[in-house]
Structure formats: structure tokens, C-alpha cells
Amino acid sequence: MAEEIETKTESDAQEFKLDEQTELRFEVEANCKVTLELKSGTAEIFGTELVKNKKFAFSCGEKVAVFTWHGCALELVGKPEVAYVAKETPMVFYANLHCVLEQTRNHAEDRGTKGPTVLVTGPADVGKSTLCRILLNYAVRLNRRPVYVDLDVEVNSISIPGTVAALPVERVAEVDEGFSSTAPLVFHYGHKSPSTNVQLYNKVVSRLAQVVSTRAGEPDKKAAIGGCIINTGGWVKGEGYQTIKHAAKAFEANYIFVIDQERLYNELVRDIADMNVKIVFVPKSGGVVERTSQARGEAADARVRQYFYGPKTHGLYPHSFDVKFAEMRVYKIGAPSLPDSLMPLGMKPEDKRTKLVLVQNGANLLHHVLSVSFAENLEVDVVSANVAHFVCVTGVDPERQAATLLSPVPRPLPRMPPHVGRSVHGSH
């Protein structure tokens with residue numbers, strides 16, 4: 001049940017008084033800005049508590065839900081596309097999920113074992129990343145240090161599109177910027193959908209799981225007890241379903257939270273419930289809005305832009321410099337296999353979906369984002385090595401045989417020759 005509120009002119013302020021366990025939902029329309037302020041009581045946004053009398057700004061396209069456990073008064077200044085108070089929310093259910101995970105952490109602390117590993121799955125636009133954020137924030141507020149893993153290569157919330165990444169969470173997410181990602185662990189995939197190269201996607205997911213498991217061991221017991229919260233993409237049918245099962249096995253998940261799709265829930269119960277995995281069906285929030293393909297593209301572009309230029313609250317100034325073609329080698333991962341009809345009788349084509357292919361340096365690099373690899377041995381390690389950082393090719397000069405790179409660091413490659421992996425998505 002929701003109570004619709006008519007918006008006023010942009011200069012007007014709207015007052016909202018919320019009863020306990022209700023939430024204010026609003027969306028910001030194009031070319032507009034909305035400011036939120038907590039006047040009295042207590043409230044939170046996706047698990048992050050609001051500071052009283054502090055203004056929080058939200059810009060074009062943002063969708064926000066402000067929840068209160070005990071009641072509050074809020075002021076909204078600007079022109080939201082829609083703003084209403086919802087009396088039915090899934091927050092109590094989410095809080096119960098957090099309590100179950102916290103009990104698992106307490107048992108792990110007593111027994112010296114690992115905390116909960118939670119895989120959050122479901123179709124696109126059902127609130128998976130939001131649930132992950134809430135569970136992480138609630139854990140950190142109890143002085144836990146969980147690890148956040150994002151396997152969504154379309155719009156990755158830790159790194160840029162085309163990657164899978166992990167991040168130890170030590171502080172509650174900022175309302176406007178999310179979690180601090182100063183030292184994420186990132187692996188290159190290079191496409192915006194797992195379907196483009198399923199074998200490569202599963203391989204980098206397995207490698208990420210291996211590294212996360214190693215780091216959350218004896219050297220860092222607090223991270224081990226804090227557990228792991230894993231976000232996934234929205235591809236849940238056919239091979240997409242197999243990638244979900246692969247991720248659950250790779251990370252040794254002991255909880256799977258399925259949002260809003262009973263079919264997926266029942267398939268997982270049928271296939272992996274006997275592996276000591278607790279599978280929970282989770283209701284979708286009424287405030288979740290389905291995004292268009294254009295909105296998804298804009299969100300992906302925004303992640304790339306934020307990587308190089310920083311969040312909206314404090315901008316960064318990336319470095320730009322020229323690199324000779326002779327000083328760098330660029331590769332892509334995966335090559336098409338020969339069809340069976342072209343192979344000698346009785347022979348099968350070699351699977352090249354995780355093989356390195358040298359890319360000819362030239363105008364074809366323009367407006368591509370490239371990942372700089374930590375690999376020391378290209379042929380052996382580059383697919384399984386994590387990423388140092390990213391550069392964007394903003395210019396190509398064929399006459400000088402050089403490329404202009406945008407980089408977050410003064411010099412992108414400390415060693416020569418640089419080892420660069422090509423990403424298929426373009427620049428912003």
C-alpha cells in the first residue's frame with residue numbers, strides 16, 4: 001500500500017513524516033537535483049544511517065528508499081519524478097536475514113571457522129545489489145569486516161564493466177558514493193555479458209574465488225569470520241543458470257538468496273540443496289524499478305567515468321601521456337575456433353576461448369578501455385592474473401606510431417614492455 005505525493009516546483013520543499021517501519025521512495029528525473037535532509041528521528045538508506053540536519057544530494061536517474069525503524073521527519077528539496085511513502089517494505093525480512101548471518105558469524109567466531117558465504121541471485125532489476133549493500137552495512141555496523149564480491153560484468157559496483165571484483169568492507173557505505181574502493185581485487189573478463197565467453201567468465205570467477213578464499217584465511221581472521229556477500233548478474237536461464245551454480249560451487253556458498261523468481265529458487269533447491277546450502281526465497285521490494293537498455297548503458301558509462309574522474313562529490317584529475325606502439329603489447333582473450341567441417345577427419349578443433357591473441361596496435365584501439373595486468377608471464381598467467389589498473393585510449397597517431405592514454409596513475413606501466421589486456425567495451 002502506497003500513498004502518492006504530488007511534487008511541487010523545484011524551489012519548494014516537501015515535508016514527509018514517516019511512521020515506524022515505513023519508507024520514503026523517490027526517483028530523480030533527468031537534469032534535476034534533489035536534496036534530502038533528516039529533520040528528526042532516525043532513518044537509513046540501504047543500511048547507512050542518515051546524519052540529522054545534513055543535506056544529501058541526489059542527481060539524475062537515482063532511485064532512493066529512505067527507511068525508518070522508529071519514525072522520522074524528512075525534508076525533500078527539488079523536483080523528484082515521483083515521491084511517495086510506502087507502508088509495506090521488505091526491510092524487516094532483510095533484517096531477519098542479517099540476524100541469521102550474524103548468528104553464523106558468532107558460531108564461526110566460537111569455533112574458529114569461516115563466516116557465512118552468501119550468493120545473492122535473481123533476474124535483472126530485482127534489487128540484488130541493494131540487498132547486498134544492506135547486508136554489508138548491517139554487518140559493518142556490528143564491527144564485522146565482510147568481503148563484497150561483484151560478479152555482474154554489465155554494471156559492476158566495485159570496478160568497471162567487463163570485470164569481476166572483490167572488496168574488503170571496513171566502513172559503512174557513503175550515502176552518495178557507496179563503499180570505499182581504494183584497494184579492490186579485480187580480474188579482467190572484457191565483455192558486458194557472461195554469454196559472450198562463458199568458459200572465460202567461469203575461469204575468472206573461479207580464480208577470484210580462489211584468491212578471496214586464500215586472503216580470508218589465517219592471516220585475516222576478522223575477514224574470515226565476516227564472511228562474503230556475492231552479487232551476481234541477471235542472466236538466470238540456460239547457460240546463465242549454470243554460471244550461477246558454478247559461482248556457488250567456486251565460492252563454496254552456504255547460503256543462496258533468490259530474489260523474486262520461484263522458478264530459479266526451485267531449480268536451485270532441486271540441484272544443490274543437498275550440498276549443505278541453505279536456499280532462501282526473498283521478496284522483491286515494491287520500490288525496485290526495471291531499467292531500460294539505455295539506462296543500463298548510461299549506468300555502465302557512469303562507472304567508467306567515475307573510475308577516471310572520481311565521484312561527483314570530489315573530482316579526480318587523471319594523467320594523460322603518449323606511449324609508443326613499440327613500448328606496449330595489447331592482447332585480447334579468446335579467438336574463434338575452426339568449424340568441424342574445416343578440420344581433418346577425426347580431429348577436433350582446439351578450444352581457444354581462453355587463449356591470448358595479439359592485437360595489432362593502430363586506430364582500432366581508439367576509445368577502448370584496456371586493463372593493465374600484473375602477469376609476469378603472458379602466455380601462462382595473464383588470464384588468471386588480477387588487474388593493476390585501467391587506461392583509456394583517447395587518441396591514436398599512426399604517423400608517430402603512438403597512442404594517447406588516460407590513466408589514474410602518473411605512469412601506467414612500471415616495467416617494460418607493458419602487458420595490457422584489451423577490453424571490448426568502448427570509452428565514455
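Predicted model, so just to flag it, every value in this text is computed and none were measured.
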Residue list, side-chain contact (heavy atoms from CB on, under 4.5 Å) with [X], at least two apart or on another chain:
| X | value |
| --- | --- |
| Ser293 | none |
| Pro168 | none |
| Ser40 | Ala73 |
| Gln21 | Phe67, Trp69, Val92 |

What is the minimum heavy-atom distance between [X] and [Y], and which atoms define it?
| X | Y | answer |
| --- | --- | --- |
| Leu151 | Ala247 | CD1-CB, 3.8 Å |
| Ser407 | Val391 | CB-CG1, 3.9 Å |
| Leu405 | Val393 | CD2-CG2, 3.7 Å |

TODO: State which residues pass ring pair (Phe, Tyr, Trp, His ring centres under 6.0 Å) with Phe56; sequence neighbours excluded, sorted by chain then number.
DONE: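 In terms of ring pair (Phe, Tyr, Trp, His ring centres under 6.0 Å), with neighbours along the sequence ignored, Phe56 is linked to no residue.
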TODO: Give the ring-plane orientation class for Tyr148 versus Phe179, where under 30° counts as parallel, over 60° as perpendicular and anything between as tilted.
DONE: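 Answer is tilted, since the angle falls between 30° and 60°.
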Within 6.0 angstrom of [X] [atom1], more than 12 heavy atoms from elsewhere:
| X | atom1 | value |
| --- | --- | --- |
| Lys63 | NZ | yes |
| Glu252 | CD | no |
| Glu290 | CD | no |

Task: Pairs flagged by salt bridge (charged side-chain N to carboxylate O under 4.0 Å, His left out) wherever residues 131-143 is involved - sequence neighbours left out - done: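 Checked against salt bridge (charged side-chain N to carboxylate O under 4.0 Å, His left out) - neighbours excluded - the pairs reaching residues 131-143 are Glu44-Arg141, Glu49-Arg141.
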Open item on the list: Whether the Thr104 and Tyr255 side chains hold a donor-acceptor pair (N or O, under 3.5 Å, no angle test) is what I'd like checked.
Closed with: yes
Task: Rounded distance (nearest 0.5 Å) linking atom NZ of Lys54 with atom CD of Glu37 - done: 11.5 Å
Open item on the list: With rounding to the nearest 0.5 angstrom, report the CD to CD distance, Gln199 to Glu239.
Closed with: 10.5 Å
- [ ] Run the ring-centre check on Phe58 versus Phe26 and record whether the distance is less than 6.0 Å.
- [x] yes
Task: Of Val186, Asp152, Asp150, Val369, the residue whose pairing with Thr163 passes side-chain contact (heavy atoms from CB on, under 4.5 Å) - done: Val186
